[in-house]
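Just so you know, these numbers come straight off a predicted model, no measurement behind them. Indexing begins at 1, ligand by ligand and atom by atom, following the structure's order. Heavy-atom basis, side chains included; hydrogens, waters and symmetry copies ignored.
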Amino acid sequence: MRFFKEIAGSRPRALLLDYDGTLAPFRVERDQAVVDPSLCNSLEGICRSGRTRVVVISGRALRDLIPLLQLDPLPELWGCHGWERQLPNGEYCEPELTPTVTRALEQAGRWMQSAGLNGRCERKPASIALHWRGLDEDSITRLRARVRAAWEPLAREPEVELHEFDGGLELQAAGRDKGYAVAQILRELPHNAVVAYAGDDYTDEDAFKTLSGRGLSILVRPEYRETAAELWLRPPEEWAGFLNAWMVADREGE
Ligand SMILES: [Mg+2]
């Protein structure tokens, strides 16, 4: 692959990675979604080499993501779709929410509690998510309609937005997404840097679009879907092969 010839040179490089569905297979028990064993070696090798700037960009809250990653040292992390950031030196940037957003998220949370949906609810620093993974299609349709009816009025505020992801619905502070995180990282990288971003979800499309013209975007997904990504790799084999080739290119540059 021509891409790895570029990596094998001395140009600076960055590998930007989504977590759930990309590094970690989906689990209904979300707190047990650890990195796929077939990816662990390559991921650790790339992180250890220090030749690639590795960044994990997730919709999860960082407090939930960090225990699952099991990487030492931790790479740069972005959580809550661009609202949280933690640098490799541990410096943490927390979301600064307006009172309107805080109120909307609290209200959405209270409604979930009164509806008996706490078990499917994830409260994060800049959003609240409903998870329906594991339910049958009919139950998902009913649940989606019920929660949408309660959350859509809250999303009428311009500072709040409602979006669907693969496995649920999320009400979040508007103005940031994974594309925001990618744009920030691109601004910090030298202009000749080799960059790739891999993700599986609709929320990764913002990142794919932002990277367009500056790097390689990769959809990691068992089935193809309409996407702005340039490359489609099936997990685990094709995707594991890509990460392994990256690790080898890193080593060859040593
Ligand atoms: Mg994902």
Which atom pair, heavy atoms only, marks the closest approach of Lys124 to Cys80?
CB-SG, 3.7 Å
Report whether Leu43 and Val194 are members of the same hydrophobic cluster (ILVMFWY, side-chain heavy atoms less than 4.5 Å apart, transitive linking).
yes
Is the NZ or CZ atom of Arg85 positioned over Tyr92's six-membered ring, under 6.0 angstrom from the centre and within 45° of the axis?
no
Can you tell me how the ring of Phe3 sits relative to the ring of Trp246, calling it parallel under 30°, perpendicular over 60° and tilted otherwise?
tilted
Do any of the N/O/S atoms of Asp166, backbone or side chain, fall under 2.8 Å from the Mg ion (ligand 1)?
no
Flag side-chain contact, heavy atom, 4.5 Å: Trp78 against Trp83
no
The Mg ion (ligand 1) reached by Asp18 (N, O or S, under 2.8 Å)
yes
So, Asp204 and the Mg ion (ligand 1): N/O/S under 2.8 Å, yes or no?
no
The Mg ion (ligand 1) to Asp200: nearest N/O/S atom name:
OD1
Which atom of Asp20 approaches the Mg ion (ligand 1) most closely (N/O/S):
O
